[in-house]
Engineer: 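Take a look at the following structure, please.
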Amino acid sequence: LNTPPPLEGLSGGGFLFVAVLGLCSGVDGRRLHYTEASNISKFQANCEGDFLRLIGCLLLLSGFFLVLAALVLMPSFPARMAFVAAGLGVEVIGVGLLTEAYKSETKEQQ
Amino acid sequence: MNPVLCLFCLMLVPLAAAGLALIHQGLGRSRSAAHAMLATLCAIAIAAVVFAMIGFSWAGAGTSAHSFSAGGVRWDWLGSAPFFAGGIHFDGSDAAGLNSSLTLCLMMFGAGLAAMVPLSGGTDRWRLAPACCASALLAGFLFPLFAHWAWGAGWLAALGTTFGISGFVDAGGAGVIQVVGGLMAVSVIWIIGPRRGKFAGDGMPAAIPGHNIVLVLFGCILALVGWIGLDSASSILLYGAGPQQVVGVIVNAMLSASGGCLAAVAVTRARYRKPDASISANGWIAGLVAGSAACAMVTPAAAIDTGIVAGVLVTYMIEIAELRLRVDDPGGAVSVHAGAGIWGLIAVGFFGHFSDGTRGGHMLAQLVGVAALLGFMLPLIYGANLLLNRFVPYRVDNDGDWQGMDIRELGAGAYPEFVVHADEFVPR
């Protein structure tokens with residue numbers, strides 16, 4: 001009897017944002033219908049975490065392929081070294097995003 | 001190759017597992033000690049079975065392999081030896097079979113060690129069943145994949161012939177065993193989160209000290225013996241080291257461990273006024289991990305330098321992981337195995353002595369190896385664990401978290417007559 005209406009507390013834009021993130025990162029969309037108003041912020045944090053996690057993993061892969069491309073395409077040693085270093089830099093950013101995703105989820109759980 | 005010497009070294013490797021097991025359970029809470037030891041045994045057992053059945057085929061050291069061509073280059077990415085170790089004859093009928101069987105033995109122990117590392121990060125909250133499933137995943141696919149790249153004539157090992165730089169070098173398994181295990185540990189920690197009560201609402205971590213530091217320090221000595229065996233056996237089998245170079249491996253392992261431990265003692269003494277025993281133990285293991293990458297290819301002075309940097313690095317990484325990144329890693333698996341392992345791989349480029357290639361070429365090859373670990377293996381390992389977590393939830397429930405894994409999962413504590421957990425009686 002006290003069940004809140006679905007998606008109470010989320011505006012239309014917020015719903016769209018959460019739904020797109022959910023679709024992108026594999027979040028089960030059915031969770032939306034049963035989300036209580038008090039858990040909306042936790043749910044949003046989870047979605048933001050999923051989004052950061054997805055981007056982090058993509059950055060890690062991008063950095064790796066940048067390194068491989070440098071090996072294949074760059075003929076000279078300095079250019080290869082520079083691009084390998086750049087690829088590692090991209091990977092470090094990816095690891096940073098994964099860490100942020102974990103931190104945001106942990107903070108919300110506590 | 002000297003098979004007798006190699007066999008003797010291989011027989012020492014299980015002592016590394018014993019040492020790591022003691023360290024892991026000593027750094028955890030007493031209410032989960034039996035669970036930690038049983039999980040270690042199960043992880044080693046499952047890793048051995050799965051690796052012998054499936055993993056060794058894909059690790060495919062020196063045999064045929066799956067490959068593809070891209071950018072005018074042939075990329076050898078996965079071994080394709082027969083499953084169930086079918087290509088190996090243990091009856092002595094095949095002269096080349098001796099090398100293959102010794103390699104199987106080395107890699108099987110290596111898979112077991114790699115499977116143990118994440119248990120340390122998930123202490124006190126990672127359930128036994130998913131830990132076993134994750135060990136199978138690691139030993140069956142993730143470990144063999146990188147083992148093939150680095151040890152099995154895969155694309156990383158063949159960088160020298162393919163791109164004219166130098167091949168990726170990982171003589172003692174700093175990358176193949178330790179970093180892969182460490183990346184598995186960070187993935188597990190990211191999935192299961194911290195122990196209940198570890199972090200306050202404002203993010204400040206509470207100290208949860210290990211329950212038996214004597215076992216931790218004894219484990220360090222056992223690990224040294226095992227590491228000497230591991231480094232020596234892999235140097236003999238994979239890099240053709242002779243008896244004299246094996247002596248160098250032993251000296252370097254001892255020196256890098258010493259450097260790591262003393263650096264950690266000095267840093268903790270300088271920062272906290274008293275040396276910290278658990279961080280110093282982590283410094284010892286970090287020295288061993290970092291030194292194993294180039295164990296046969298550096299001078300003793302370089303081994304000490306490698307160990308010192310690893311010891312300092314680990315001290316700060318443990319603090320940053322806990323204070324800034326909210327990573328609850330009771331055994332320091334991420335800092336010790338992943339962090340020090342990556343430093344060890346890079347140190348090969350700085351300090352290694354090689355008969356061929358330039359120092360820049362070797363550094364480039366090592367950086368490519370590190371990039372492969374972070375850029376490909378980490379998302380693969382993390383994704384595989386996320387998927388597995390959906391089918392077999394990793395984390396124990398709230399009651400189990402407070403009660404301890406021994407009572408929750410095994411039904412009996414490790415020290416039933418001596419330990420009373422006061423907070424078991426606190427209403428919640």
Engineer: Within a radius of less than 6.0 Å around CZ of B:Phe351, do more than 12 heavy atoms belonging to other residues, nucleotides or ligands occur?
Structural biologist: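 Enclosed: over 12 neighbouring heavy atoms sit under 6.0 Å from CZ of B:Phe351.
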Engineer: Side chains of B:Trp75 and A:Val72: closer than 4.5 Å at any heavy-atom pair?
Structural biologist: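 Heavy-atom side-chain distance check passes, below 4.5 Å.
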Engineer: Without placing hydrogens or testing angles, list every side-chain donor-acceptor pair under 3.5 Å for residues 78-85 of chain A, not counting sequence neighbours.
Structural biologist:
| residue | atom | partner | partner atom | Å |
| --- | --- | --- | --- | --- |
| A:Arg80 | NE | A:Leu71 | O | 3.4 |
| A:Arg80 | NE | A:Met74 | O | 2.9 |
| A:Arg80 | NH1 | B:Phe163 | O | 3.1 |
| A:Arg80 | NH2 | A:Leu71 | O | 3.0 |

Engineer: Let's test your reading of the structure: which of B:Val368, B:Val186, B:Thr358 forms the most heavy-atom pairs below 4.5 Å with chain A?
Structural biologist: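 Going by pairs under 4.5 Å, I would pick B:Val368.
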Engineer: For B:Leu374 and A:Glu91, which heavy atoms make the closest approach, and how far apart are they?
Structural biologist: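 Minimum heavy-atom contact is CB-OE1, 3.3 Å.
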Engineer: Taking C-beta and beyond as the side chain, do B:Tyr382 and A:Arg53 meet within less than 4.5 Å on heavy atoms?
Structural biologist: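 In short, these two side chains touch, coming nearer than 4.5 Å.
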Engineer: Of all of B:Ala371, B:Gly71, B:Pro379, which one pairs up most often with chain A through heavy atoms under 4.5 Å apart?
Structural biologist: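 When all of B:Ala371, B:Gly71, B:Pro379 are compared, B:Ala371 has the most.
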Engineer: Could you go through residues 335-345 of chain B and list every donor-acceptor pair under 3.5 Å that involves a side-chain atom there, pairing it with any protein atom two or more places apart or in another chain?
Structural biologist:
| residue | atom | partner | partner atom | Å |
| --- | --- | --- | --- | --- |
| B:His337 | ND1 | B:Gln178 | OE1 | 2.8 |
| B:Trp343 | NE1 | B:Thr306 | O | 3.0 |

Engineer: Side chain, backbone, both or neither: which part of B:Asp202 has a heavy atom under 4.5 Å from chain A?
Structural biologist: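 Contact with chain A: none, neither part.
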Engineer: Quick check: are there more than 12 heavy atoms from other residues, nucleotides or ligands sitting under 6.0 Å from CZ of B:Phe391?
Structural biologist: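 Incorrect, the count does not exceed 12.
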Engineer: Should the heavy atoms of other residues, nucleotides or ligands under 6.0 Å from CZ of B:Arg324 be counted, would the total exceed 12?
Structural biologist: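 No, CZ of B:Arg324 has 12 or fewer neighbouring heavy atoms, counting only those of other groups under 6.0 Å.
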Engineer: When rounded to the nearest 0.5 angstrom, what is the spacing between CG in B:Leu325 and CG in A:Leu98?
Structural biologist: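 These two atoms lie 12.0 Å from each other.
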Engineer: Supply the atom-to-atom distance B:Leu380 CG to A:Leu61 CG, rounded to the nearest 0.5 angstrom.
Structural biologist: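 One gets 9.0 Å once the value is rounded to the nearest 0.5 Å.
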Engineer: Would you mind checking which part of B:Leu386 comes under 4.5 Å of any heavy atom in chain A, side chain (CB onward), backbone (N, CA, C, O), both or neither?
Structural biologist: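 For B:Leu386, side-chain heavy atoms alone lie under 4.5 Å from chain A.
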Engineer: Measure the shortest side-chain to side-chain distance between A:Leu68 and B:Trp155 over non-hydrogen atoms and say whether it is less than 4.5 angstrom.
Structural biologist: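 When only atoms from C-beta onward are counted, B:Trp155 and A:Leu68 do touch, with a gap below 4.5 Å.
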Engineer: Does A:Tyr102 reach the main-chain N or O of B:Arg326 with its side chain, forming a donor-acceptor pair under 3.5 Å?
Structural biologist: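 Pair found, side chain donor or acceptor close to backbone of B:Arg326.
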Engineer: At a 4.5 Å cut-off on heavy atoms, which part of B:Ile189 comes close to chain A: side chain, backbone, both, or neither?
Structural biologist: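 Both the backbone and the side chain of B:Ile189 come within 4.5 Å of chain A.
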